[in-house]
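Written below as structure tokens is the structure these notes are about.
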2 protein chains.
Amino acid sequence: MEPQVNAWSLPGGILGARENLNESVLRQLAEKVDVREVAHLEQLSIFSEPDRMPGPRTVASTFLGLIPRTADPHLPDDTSWHPVAALPEMAFDHRTMVLHAQSRLAAKLSYTNIAFALAPAEFTMSGLREIYCAALGYPVDATNLQRVLTRRAVLTPTGETARVGRSGGRPAALYRFSDRTLRVTDEFAALRPPG
Amino acid sequence: MEPQVNAWSLPGGILGARENLNESVLRQLAEKVDVREVAHLEQLSIFSEPDRMPGPRTVASTFLGLIPRTADPHLPDDTSWHPVAALPEMAFDHRTMVLHAQSRLAAKLSYTNIAFALAPAEFTMSGLREIYCAALGYPVDATNLQRVLTRRAVLTPTGETARVGRSGGRPAALYRFSDRTLRVTDEFAALRPPG
DNA sequence: ACAAAAGTGTTAGTTGTACACCCATGG
DNA sequence: CCATGGGTGTACAACTAACACTTTTGT
């Protein structure tokens, strides 16, 4: 809509009278963009500038929602996925919202098990590594990723191995996440409680 | 008010038409409880359950506000400070709000310079240690606190020393915070970018 | 001289990165 | 038997907690 005809905007809508914000987000994602596999949802900032949009005063409460890499919702025609590294022109304050979400995700990847919400049920270490690289924006060593996540008991080996491609190579072990709910795995970098 | 006659509630109020949420918080703290020295303010969760309070539907946006230990606002008669370790009966979901704020503060003390907002302009290490102990709820070693904050360049020595009490002892060196705005000092516990 | 408070040095343990090396598979 | 991708072991560096020891003051 004017004055942002060519700009993209995030999905969103009005809070219903008998729902809380989380319910509202899940409802709108399902109704508007057919996204129904939200594995993790958390609040981000509120955007409350009086003139953030034309028209009646609105306050936008933003969320970070994660779905597994394998999800493939049936997007409507006016909707599509965009890599965060190459965002199109975005309406109002929506670019800022996306950047907030990106940095929150990057931060939580380092001290929580939040990747459970991005990975499929079972995966190889190199598959998981791709997810971390994409979300963090820099290369991650699969070796050390394995060690860190194993020490923190974030990963559980399934004992199975993945089938190998036509180019050969040793078959990769399959893992799953020990928990499928957010857990802080590295609480205090410094100033831990004594004992 | 009914049905929470004897319960305490946090200061708060209605968002004005021409202010954003930050401005609203600062206005309400000043007007309602004479708190005007807010050195740091950040958003916490939104509470949006449809029935969280009787009466018309409200959505509460909560904040963590920090003021220096030396601040002494003139509180109205119906208002007082309460230690988080011994909260009185609290109205509606306000206890949950306080606990959220407490854990956010504790977390940020470990990886940011957020204590600048709690300390006076100049302070001794043992004074700062008391602040950390109170906020974290467990003893903190002044020695290691000094080392950690110095290495991260969070503290700057003033060169001055504090006057010593009547019981003797070596006079303490005075420090100030290098920045008086929030800075992340220990960004990645794990999975740092290479190089 | 002694007690009290502050500051320094040392040690040991944990965690993380980097990288060389070994293993399993397909062609 | 070689290329390819996966997994393991080791070396090194950084950081922290704990605590003994030294320094500086007032009485």
Side-chain angles (χ1 to χ4, degrees), chain A residues 106-107 109-113 122-133 136 138-175 184-195, chain B residues 106-107 109-113 122-133 136 138-175 184-195:
Chain A
L109 277 175
S110 129
Y111 68 92
T112 72
N113 66 341
E122 302 197 341
F123 49 85
T124 66
M125 281 313 302
S126 40
L128 188 62
R129 178 173 151 273
E130 285 175 14
I131 291 174
Y132 272 82
C133 292
L136 292 174
Y138 53 80
V140 173
D141 185 319
T143 298
N144 295 329
L145 182 63
Q146 212 259 26
R147 235 193 295 273
V148 168
L149 297 183
T150 301
R151 193 191 356 247
R152 296 178 178 176
V154 169
L155 297 183
T156 307
T158 65
E160 309 284 303
T161 55
R163 259 218 320 279
V164 65
R166 72 188 80 263
S167 61
R170 177 172 170 174
L174 286 174
Y175 293 85
V184 173
T185 58
D186 190 25
E187 192 149 18
F188 299 103
L191 309 176
R192 304 187 247 286
Chain B
L109 278 176
S110 129
Y111 68 92
T112 72
N113 66 342
E122 302 198 342
F123 50 86
T124 65
M125 280 313 303
S126 41
L128 189 61
R129 179 175 150 271
E130 286 173 15
I131 291 174
Y132 272 81
C133 292
L136 293 173
Y138 52 80
V140 173
D141 185 319
T143 298
N144 296 329
L145 182 63
Q146 213 260 24
R147 235 192 294 271
V148 168
L149 297 183
T150 300
R151 188 189 5 245
R152 296 179 178 175
V154 169
L155 298 184
T156 306
T158 65
E160 308 284 302
T161 55
R163 260 220 317 280
V164 65
R166 71 188 80 264
S167 61
R170 177 173 171 173
L174 286 174
Y175 293 86
V184 174
T185 57
D186 190 25
E187 191 151 18
F188 299 104
L191 309 176
R192 305 188 249 283

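Order of the sequence lines sets the chain letters (A, B, ...), proteins ahead of strands, with each chain counted from 1.
For dG7(C), the OP1/OP2 oxygens have no side-chain nitrogen or oxygen of T143(B) closer than 4.0 Å.
Residue A142(A) is classed as having no contact, given no heavy-atom separation below 4.0 Å to the nucleic acid.
Shortest non-hydrogen contact noted between R129(B) and D141(B) is CD-C, 4.3 Å. Taking all atoms of both residues into account, the shortest heavy-atom contact from A189(B) to S110(A) is N-OG, 3.6 Å.
For the side-chain contact (heavy atoms from CB on, under 4.5 Å) test, residues two or more places apart in sequence or in another chain that qualify with R192(A) are F188(A). Partners of E187(A) by side-chain contact (heavy atoms from CB on, under 4.5 Å), not counting sequence neighbours, listed by chain and number: V184(A). The side-chain contact (heavy atoms from CB on, under 4.5 Å) search around A172(A) returns T124(A), not counting sequence neighbours. For P139(B), the side-chain contact (heavy atoms from CB on, under 4.5 Å) criterion is met by P194(A), not counting sequence neighbours.
L155(A) CG to L145(A) CG: the interatomic distance, rounded to the nearest 0.5 Å, is 7.5 Å. T150(B) OG1 to M125(B) CE: the interatomic distance, rounded to the nearest 0.5 Å, is 7.0 Å.
Listed for the T161(A) side chain is no donor-acceptor partner under 3.5 Å among the backbone atoms of A173(A).
We find that CD of E130(A) is positioned 12 Å from P of dG5(D), with the value rounded to whole Å. In this structure, the CG atom of L149(A) is 15 Å from the C1' atom of dG7(D), given to the nearest Å. Nucleotide dT15(C) holds its C1' atom 17 Å from the CZ atom of F188(B), rounded to whole Å. Atom CG of L128(A) and atom P of dG6(D) are 13 Å apart (whole Å). Distance Y138(A) OH to dG16(C) P: 13 Å, rounded to the nearest Å. In this structure, Y132(A) places its OH atom 12 Å from P of dT17(C), rounding to the nearest Å. Rounded to a whole Å, the CG atom of D141(A) is 13 Å from the P atom of dT8(D). In this structure, the CZ atom of R129(B) is 11 Å from the C1' atom of dA6(C), given to the nearest Å.
Candidate nucleotides dG5(D), dT24(D), dT8(D) were compared by shortest atom distance to the side chain of R170(A), and dG5(D) ranks first.
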Quiz prompt | Protein proximity profile, nucleotides 10-17 of chain D - base contact B, sugar-phosphate-only contact S, no contact -, cut-off 4.0 Å on heavy atoms | solution = B----SBB

Report, one pair per line, the protein and nucleotides 1-3 of chain C atoms (nitrogen or oxygen only) whose separation is under 3.5 Å.
none

